[in-house]
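Source: prediction; values computed, not measured.
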Amino acid sequence: MLISLVSKEGSSYLQPGARMLVREDGKHWGNISAGCLEEKVTDLALHCLRTGKSQLVTIDTRPHYGCFGKITLLIEVFANATEMAELFQQISERLARRATFNIETDYSDLTRSPLTRISEATTSGNSLIETVHPVERLLIFGNWPDGQALAAMARILQWEVSIFDANAPHFSIEDTLSEQRIDSKTAAMVMTHSLASDTRCLKTVLSLNFGYIGVIGSRKRGQTLAESIADIGAYHLIEALDQIHCPSGLNIGGSGPEAIALSVLAEIQATFSARDGSALKHRSIPIHCTC
């Protein structure tokens, strides 16, 4: 069964589009809350499975959970396993292509099946339409402790992560990136701790459509890299040097590979989300508002 958070009033931990899968033995994947509602919703889903009927459930989170709002969940029972398999196959194919697409969950008539499908629509008054973007991806050039810590943290966020030993004698940045689909949700972190290797990597990275380009090092090192790129005759990339985050990361303090990784990953997330990385307590509009 598929549980979808289709609407909310007030505040909620997750936003419409959050989803959870429940198997007939009660095992579940995904979240529709911070973890406080999953057990209750699983029991409701198993009841729906026994009846064979989909159901809309509204939960007031104010009395017991501390979230000042209400959420409406759709517990969707598919007519058969093939319908669900086809939906997830279509989603998987689009994710593999790093495509942007819409998932529509139409809960206006619960007797139909399936209620959730891939859709070309962008707005609807009777359904939830969720736009799914490519998964955030991080390419790390430099197999050192700070790069390994960064990769580990990014994987916790379920990003796609690749780490390359750019200092290896036969490493080719051109061949490596020719096998990658680079887009605005792809970040490159150049952290080889070698001026020559950083320069080689940046020469190729700057010519592609990365959503974020970061370099480990001081501001002075960033200036040295710019001069090195000019020295190798890559003058067409001089304007693109403004894209580089060097020093990379947010000003949160701390030292060591893990603290550096946290700082860098926070800046990449903020950049992908078009946020400034400031404290949420100073934000004058709702946390999840994109306006």
Side-chain angles (χ1 to χ4, degrees), residues 3-5 11-21 28-38 67 88 91-92 94-101 103 130-164 177 180-191 205 208-216 243 245-281 283 286-290:
I3 292 86
S4 303
L5 199 170
S11 62
S12 64
Y13 184 77
L14 296 177
Q15 301 302 294
R19 301 182 195 269
M20 173 179 160
L21 283 173
H28 60 81
W29 296 264
N31 294 91
I32 42 80
S33 76
C36 44
L37 297 177
E38 276 66 14
C67 293
F88 284 98
I91 292 174
S92 296
R94 286 162 174 78
L95 291 176
R97 299 200 310 268
R98 296 189 62 78
T100 297
F101 59 98
I103 298 177
E130 176 195 9
T131 300
V132 179
H133 298 281
V135 174
E136 291 88 348
R137 183 172 53 173
L138 176 60
L139 307 183
I140 301 170
F141 301 97
N143 192 18
W144 296 98
D146 51 4
Q148 294 163 7
L150 181 59
M153 287 191 184
R155 291 188 179 108
I156 291 174
L157 295 179
Q158 300 184 348
W159 289 14
E160 295 179 6
V161 181
S162 298
I163 186 167
F164 306 99
L177 292 182
Q180 305 288 332
R181 188 189 297 269
I182 307 302
D183 52 40
S184 61
K185 288 292 186 178
T186 304
M189 272 304 303
V190 179
M191 43 203 319
V205 165
L208 299 172
N209 183 37
F210 281 93
Y212 177 96
I213 299 172
V215 177
I216 288 296
Q243 302 175 40
H245 295 256
C246 184
S248 180
L250 298 181
N251 182 22
I252 60 174
S255 61
E258 290 75 18
I260 291 170
L262 178 62
S263 168
V264 169
L265 195 60
E267 184 179 51
I268 297 173
Q269 177 68 72
T271 301
F272 281 166
S273 304
R275 299 292 182 91
D276 61 8
S278 60
L280 287 173
K281 66 180 290 184
R283 186 171 167 85
I287 293 173
H288 297 285
C289 181
T290 57

Is any side-chain heavy atom of [X] closer than 4.5 Å to a side-chain heavy atom of [Y]?
X: Glu136; Y: Ile268; result: no
X: Leu95; Y: Pro134; result: no
X: Leu139; Y: Leu177; result: yes
X: Ile216; Y: Met189; result: yes

Measure the spacing between [atom1] of [X] and [atom2] of [Y] and express it to the nearest 0.5 Å.
X: Ser184; Y: Phe272; atom1: OG; atom2: CZ; value: 7.5 Å
X: Leu150; Y: Ile163; atom1: CG; atom2: CD1; value: 8.0 Å
X: Ser162; Y: Leu138; atom1: OG; atom2: CG; value: 8.5 Å

Item checked: Partners passing ring-ring contact (aromatic ring centres under 6.0 Å, His included) against Phe164 (at least two apart in sequence or in another chain) ->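 In terms of ring-ring contact (aromatic ring centres under 6.0 Å, His included), with neighbours along the sequence ignored, Phe164 is linked to Phe141.
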Search all heavy atoms of [X] against all heavy atoms of [Y] and return the closest pair with its distance.
X: Asp146; Y: Ala261; result: O-CB, 4.4 Å
X: Val161; Y: Ile140; result: CG1-CD1, 4.3 Å
X: Pro257; Y: Ala149; result: O-CB, 3.8 Å
X: Met20; Y: Gly30; result: CG-O, 4.0 Å
X: Gly253; Y: Ala259; result: O-CB, 4.4 Å

What residues, two or more places apart in sequence or in another chain, satisfy side chain to side chain donor-acceptor pair (under 3.5 Å) together with [X]?
X: Thr186; result: Arg137, Asp183
X: Glu160; result: Arg98
X: Ser278; result: Asp276
X: Gln148; result: Asn143

Checklist line | Qualifying side-chain hydrogen bond (donor to acceptor under 3.5 Å, both in side chains) pairs with a residue from residues 252-263, counting only residues at least two apart or across chains | finding: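 Residue pairs with at least one partner in residues 252-263: there are none.
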Checklist line | Chi angles and distances behind the side chain to side chain contact (heavy atoms under 4.5 Å, CB included) call for Met153, Leu262 | finding: CA-CA 7 Å; Met153 287 191 184; Leu262 178 62; 4.1 Å; yes
Notebook entry, point to check: What residues form a salt bridge (charged side-chain N to carboxylate O under 4.0 Å, His left out) with Glu38, not counting sequence neighbours?
Noted result: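 Testing Glu38 for salt bridge (charged side-chain N to carboxylate O under 4.0 Å, His left out), a comparison that skips the adjacent residues, returns none.
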Next item on the list: With side chain to side chain contact (heavy atoms under 4.5 Å, CB included) as the test, would you mind laying out the steps for Val132 and Thr100 before giving the verdict?
Entry: CA-CA 6 Å; Val132 179; Thr100 297; over 6 Å; no
Partners passing side-chain contact (heavy atoms from CB on, under 4.5 Å) against [X] (at least two apart in sequence or in another chain):
X: Leu21; answer: Leu2, Trp29, Met84, Phe88
X: Glu267; answer: Tyr212, His245, Ser248, Leu250, Thr271
X: Leu157; answer: Trp159, Leu265, Gln269
X: Ala274; answer: none

Note to self: Walk me through whether Met191 and Val264 qualify under side chain to side chain contact (heavy atoms under 4.5 Å, CB included).
What the structure shows: CA-CA 11 Å; Met191 43 203 319; Val264 169; 6.0 Å; no
Item checked: Enclosure of Asn251 CG (heavy-atom neighbours >12, cutoff 6.0 Å) ->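 No, the 6.0 Å shell around CG holds no more than 12 heavy atoms from other groups.
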